Amino acid sequence: MIHSLFLINCSGDIFLEKHWKSVVSQSVCDYFFEAQEKAIDVENVPPVISTPHHYLISIYRDKIFFVSVIQSEVPPLFVIEFLHRVADTFQDYFGECSETAIKDNVVIVYELLEEMLDNGFPLATESNILKELIKPPTILRSVVNSITGSSNVGDTLPTGQLSNIPWRRAGVKYTNNEAYFDVVEEIDAIIDKSGSTVFAEIQGVIDSCIKLSGMPDLSLSFMNPRLLDDVSFHPCIRFKRWESERVLSFIPPDGNFRLISYRVSSQNLVAIPVYVKHMISFKENSSSGRFDVTIGPKQNMGKTVESVVMTVHMPKAVLNMNLTATQGSYTFDPVTKVLTWDVGKITPQKLPNLKGLVNLQSGAPKPEENPSLNIQFKIQQLAISGLKVNRLDMYGEKYKPFKGVKYITKAGKFQVRT
Amino acid sequence: MLSLPPVQKLLRQLPAGPAKPPVGGDTAEEVTSPTKNGSKWLKMENGNFFAPVWYRHDDLKEMLDSNKDSLKLEAMKRIVAMIARGKNASDLFPAVVKNVACKNIEVKKLVYVYLVRYAEEQQDLALLSISTFQRGLKDPNQLIRASALRVLSSIRVPIIVPIMMLAIKEAASDMSPYVRKTAAHAIPKLYSLDSDQKDQLIEVIEKLLADKTTLVAGSVVMAFEEVCPERIDLIHKNYRKLCNLLIDVEEWGQVVIINMLTRYARTQFLSPNQNVSPKAEAASLAKRKPYVMDPDHRLLLRNTKPLLQSRNAAVVMAVAQLYFHLAPKAEVGVIAKALVRLLRSHRSVQYVVLQNVATMSIKRRGMFEPYLKSFYIRSTDPTQIKILKLEVLTNLANETNISTILREFQTYIRSMDKDFVAATIQAIGRCATNIGKVRDTCLNGLVQLLSNRDELVVAESVVVIKKLLQMQPAQHSEIIKHMAKLTDNIQVPMARASILWLIGEYCEHVPKIAPDVLRKMAKSFTNEEDIVKLQVINLAAKLYLTNSKQSKLLTQYVLNLAKYDQNYDIRDRARFIRQLIVPTEKSGALNKYAKKLFLAQKPAPILESSFKDRDHFQLGSLSHLLNAKAVGYQELPDWPDEAPDPSVRNVEVRGRASEGVQTPLGKEKAEKPFYSDSDGESGPTESADSGEDPVAWQGMGQENPSEDEEEEEGAKKAKKKKAPPGRKSHAETSSEEASTSESSSSGSDSGSEAEAKRRKAVRAGPGWGQRRDTWTPCLHPPTSLLVTDLEGLTLTDTSLTPAVSVPHALPGMSRDPCPSWGLQVGGSASHTPAPRPRQLLSPAFGAVRTYELLHRMAGEGLSVEYCFSRRPFPGDPHMVAVHIQISNNTDAEVKSLRVSEPKLLSGMRIQEFPEIERLAPGDTANVVMGIDFCDSTQAANFQLCTHTRHFYVSIQPPVGELMAPVFMSENEFKKEQGKLTGMSEITEKLTLPEKCRSDHAIVQQVTSAANVGRVPCGADNEYRFAAKTMTSGSLVLITLEQREGAVAQLTVNSEKMVIGTMLVKDIIQALAQ
């Protein structure tokens, strides 16, 4: 399975290596660098590279390449999924998955990697188990450790690994028992030039933060479960129960986790909460063009559209942009040619507008294509699909937990073609 | 026992300072030395500037040698940081390895990290640590046992292979599933270290495959895949269990199991799509029976389907490929939705999923059509994703959706990403060839692109147009003319070559332009790329043949240029063509056919997806992704024409009926196990067998109550909470089902081990309580010779009839509630305390055995023997009656013989026999005493006193004597047995020797080994016995199931696990004799 792992930063330094079988020389990464060079953009580095003796499977997360060395046949997704799990664990432990965080906590990283894989086969990847084995660093603990000389390695042996609910650790105790659910929906859409929707669907997740003592058995039901077209579950959810009753029944892990992710299919009409009026043109044989974009709210069910940001990858020929925004501020990076307009809240009374001149490189041919606009926004207190949580019941424990549900709608991959 | 180099010698070898400084290595060692070591640094500067690297590790060494854990920890942290950065820290090995037994758990863990990294380089020193792990392997805590095994097996030192082998074998029969999981993990490690161990490892794998816990399943299948993926026969018996456990296995295990089962199913079942396959001829179709899907095939499909909902992309992909390769066409569709969901994931996940979708969409286009729009491309997608999506879109294009797709393509063509635009043009070309309706539209669109400003776009269009034109050249001379004009501007070689070829091929359609183009090309010939030059020569040749008047000289000129070209291909081509087209006296018959050769009708190229036929690789595999066979790839076999015997997967269903799937199979006639004959005992109870101290063992069982019962426990909890049948309760049923089927399944241990065990058993003899050294068993187990022996035994079959005839109405007799029917059969003599009770112990019955309490020599002429009479002790039902026969062989009278000063464990009681006043020389006395052993096999120690002497004696009961028979009906028996499953159930396989195959021989042997009563039984190859332990009255239920020939399976259900385990051993031993 997974032979070795190299962590490489953007400038090509290998800053961490771990081998689960015999040692593989760093020089194997040269093949990776070669591919990286060829790809130009980091996004285009092929995830699987074949070299004479090994295969390299890599992911790119948070400006770090996780390059794993494989020696024989293994499902590539298996490795990729595992590497993402590693990155998630780092994120979980250190708050960020960055080079500095990893370098600062190199011992913990090593201990984690040691526990996560045995001989290249995943062993413990559940965050609850790992946290029992190796405690995440906190400022308080590091101070205490430096004074008392105690360590980050848990001295209790993890029992979760042995139970049939490996995701939950035993003996959880809280004084305030709380269960929070965030229903987050993202709208993926492609809007064409004329403003009609080419493609739209809603991708949702329910992220939970559960701090309940003991072994609570929860069941969460929806007012309209039939909306959910395709669902993927955290392993804790009893699948049969969902199949038969459309109720999410589970013994939750402790802490933060993603309960389900779902899709509301494009068959259902998706209400697009914003519209964009745009006028972008480049004149033939002239070194300038016009740019005029207005964003407005639409069918927002009485909720305000917030944190609106528009990013545009302008054509290479664009030298600079001279714009005025009626609301918010804009920046244009002449190197990456990215225009960002931070609009903020949209008020229907006064629609935000950005307009002005585009300076083109003189002599360069007129850009073929108008750039597409990527929009981000947020709507609080609304699940755009209309999904509603009905109730949450708890069995197995006596206390009364505090329960909370929050809804939020965001733009996912929301693109307007112009 | 492996002899390790004496530690002392090694210690002497330990260098006081490092023996050899490593060459090269970490020049930029970044150990920021604490200030207290400043003097050392100074010293170094004074000395050699290029001080050897090891010098700088001195402070680390000091820290490691110190007594303070905090310093050690600090040092280890720094060392691990060095390792992490890929710096060499191997010279610290001696200092680090000393700390392997450190108490501080973090230091210990870091030492393990170090050890695993460098042990390979410093093998001798690494051996020093082995004993620590060996100790750890026997720790009562399962997690410590597991971690010791994990590190031990990770040390890649060939010399410890035998130790690893033993440790793995031991751990494979550990009580704790977690340790067994670790054992499964260790198997591939050992295999990669020494592949000669394969056969032994397969045995272990076989045993672990029979394990019924979800924790082990994934790991052992992984081991199976790495060590012996070709041994598909090992899966048969475990197939249904694996299917049923699948949903509760951890996600990584699921992937491995699903991939393996896909391969398995391909070898065992018939293709569900054979009837629809166009290849199947009508005749053979008629002959063939209508296809009915094997219930096992269905089971697999049904049990994997819920996993499409997994959050783990690898699991979803694994299920998707399983459905793609195994499901009937109509059912494959379900995977599309799940795969489309994965497209929202990370870029690398998208990449892999799209590759697989691309392959699938060629074979099963309909599946993804509803999700067409999910493959629409965003300008922000990375190029490689765009190109893959384009591939899928092209595959999905058909007459109905082509117009939408083409509209999308139009948007894409204007993209800024030129590689993507080029791919889009190719895609348009493919759509045009596949769907005739839109060919003209596409062609027109492409021609428009010829005026594009970007040269790459134009070039790509030219190439595609060329391919399209080849299909219907006559109508498109305009386009060819247009393209001829492009030769002035376009520089991309491939495009230029395409245009030239096109003009040459269709020079009749453009008779005026063609020679002109040749003229221009002749001018620039020397500056062209090779590929263009070749086409110029081609064009010249074709023009010479069709229009020699205008182009003769030009052709000569071009050929002359080519003759002196640097590229030999071009020189060769020129020479060849000159001979072919220019008639000379030397040129042969070919000359006449030159025109036919050059201007033959050429078939239009077929534009195909590069993903076509990739599905001969298992989808989702690395090989599929690379489109090349990766190392270690297991071919996905073709469906068999005839289904192999489905009964190989049958495992006898015992006790409670299991659910639907197995019922149809249950009807099938008695099946023959796959390679039953060499079966030996196996199963989870081996830990008892492997000679741990029974008491310690029991203690451990109590300490870890979770162990095997976890599932049941969890399920019970769920029940308490009134949880309706959810996933967990489903798990419960499935695991129970698995346990019923599993416990009766053949562990199919190889015969050698079984034989080895039997030999051990023989060696151990009647002293069953004897302990065995844990490390001794079968370091070199007997070879296959013994297997044949065993097989020979079974072949001779049951011809041997029992020598002693015992009434055959045994069931009837057992209905007699008298607890000691064994003795009754023995004869009425036993009822009276006869003067010669030895007769009662007649070996013909073997039911009662005498043991020596005091030997004649030791007792100075007084000899004492005892036996367990198996009759209730009058006065106290909890006591075991012990018959004592005292013979006075002295020539003097022995007076006042009595028991005194019993030394008993707490709870045990003795009812002494009444004092014997006097015993004349040569006389024998029989007395009965009662002992309450408290259901334990601990010896009762006491003194036997005469008027002159005291003798220390002890009575240790065989486990079979700690119980009394009870009467129950078959139904009661089944009911009680149902309550005693899980950990309370112990199952072993055994091979019955010839003389012990008849009904009564078996019954006799069992009842001789244990004081049990027979329970009537409907089936004639099953024997049931029941008893209650003396003290606590816990039920002990014994089932012996005789299979084919010599193979039998023994099951003991008792909540007293220790008693159960020992009983199994005793009965097996009794039956084997």
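Letters go in sequence order (proteins before strands), and every chain restarts at 1. Worth saying up front: this structure is predicted, and the values here are computed from it rather than measured.
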Side chain, backbone, both or neither of [X] within contact of chain B (heavy atoms, under 4.5 Å):
| X | result |
| --- | --- |
| A/Val198 | both |
| A/Phe82 | both |
| A/Ser58 | backbone |
| A/Trp20 | backbone |
| A/Gln26 | side chain |
| A/Ala189 | backbone |
| A/Met314 | backbone |
| A/Asp41 | neither |
| A/Phe15 | backbone |

Checklist outcome for this item: In this structure, CG of A/Leu218 is separated from CG of A/Leu248 (nearest 0.5 Å) by 10.5 Å
Next on the checklist: Could you measure the distance from the CD atom of A/Glu81 to the NE2 atom of A/His84? Nearest 0.5 Å is fine.
Outcome noted: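 Going from the CD atom of A/Glu81 to the NE2 atom of A/His84 covers 7.5 Å.
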Non-hydrogen atoms of chain A under 4.5 Å away: do they reach the side chain of [X], the backbone, both or neither?
| X | answer |
| --- | --- |
| B/Tyr633 | both |
| B/Arg347 | side chain |
| B/Val255 | side chain |
| B/Glu408 | side chain |
| B/Gln350 | side chain |
| B/Val340 | both |
| B/Tyr112 | neither |
| B/Ala338 | backbone |
| B/Gln321 | neither |
| B/Glu120 | side chain |
| B/Tyr412 | side chain |
| B/Ser621 | both |
| B/Val316 | neither |
| B/Lys629 | backbone |

Compare every heavy atom of [Y] with every heavy atom of [X], then report the nearest pair and how far apart it is.
| X | Y | answer |
| --- | --- | --- |
| A/Val24 | A/Ser4 | CG2-OG, 3.5 Å |
| B/Lys337 | A/Asp229 | NZ-O, 3.3 Å |
| B/Leu339 | B/Val353 | O-CG1, 3.8 Å |

Looking at [Y] and [X], is there a salt bridge between them, counting it only when a charged N and a carboxylate O are closer than 4.0 Å?
| X | Y | value |
| --- | --- | --- |
| A/Glu243 | A/Arg238 | no |
| A/Glu186 | B/Arg344 | yes |
| A/Asp188 | A/Arg263 | no |
| B/Lys386 | B/Asp419 | no |
| B/Glu251 | B/Arg311 | yes |

Contact winner vs chain A - [options], heavy-atom pairs under 4.5 Å:
| options | result |
| --- | --- |
| B/His346, B/Lys68, B/Gln618, B/Gln634 | B/His346 |
| B/Thr404, B/Asp69, B/Leu110 | B/Leu110 |
| B/Glu250, B/Met317, B/Met416, B/Arg341 | B/Arg341 |
| B/Pro188, B/Ala630, B/Ala84 | B/Ala84 |

Which one wins on heavy-atom pair count under 4.5 Å against chain B: [options]?
| options | value |
| --- | --- |
| A/Gln71, A/Lys21, A/Lys18, A/Lys193 | A/Lys21 |
| A/Leu16, A/Val106, A/Asn119 | A/Asn119 |
| A/Val107, A/Asn44, A/Ile80 | A/Asn44 |
| A/Arg85, A/Lys413, A/Glu126, A/Glu73 | A/Glu73 |
| A/Gln203, A/Arg258, A/His19 | A/Gln203 |

Please examine the side chains of [Y] and [X], heavy atoms only from C-beta on, and report whether any two atoms are closer than 4.5 Å.
| X | Y | result |
| --- | --- | --- |
| B/Trp252 | A/Leu117 | no |
| A/Phe65 | A/Leu7 | no |
| A/Asp118 | B/Ser154 | yes |
| A/Glu17 | A/Leu5 | no |
| B/Lys189 | B/Arg156 | no |

Checklist outcome for this item: A/Phe414 meets the ring pair (Phe, Tyr, Trp, His ring centres under 6.0 Å) criterion, sequence neighbours left out, with A/Phe377
Checklist entry - Does A/Asn374 have any side chain to side chain contact (heavy atoms under 4.5 Å, CB included) partners at least two apart in sequence or in another chain, and if so, which? => result A/Thr311, A/His313, A/Gln415, B/Thr380
Checklist entry - Which one of A/Leu77, A/Val48, A/Val79 satisfies the side-chain contact (heavy atoms from CB on, under 4.5 Å) criterion with B/Leu622? => result A/Val48
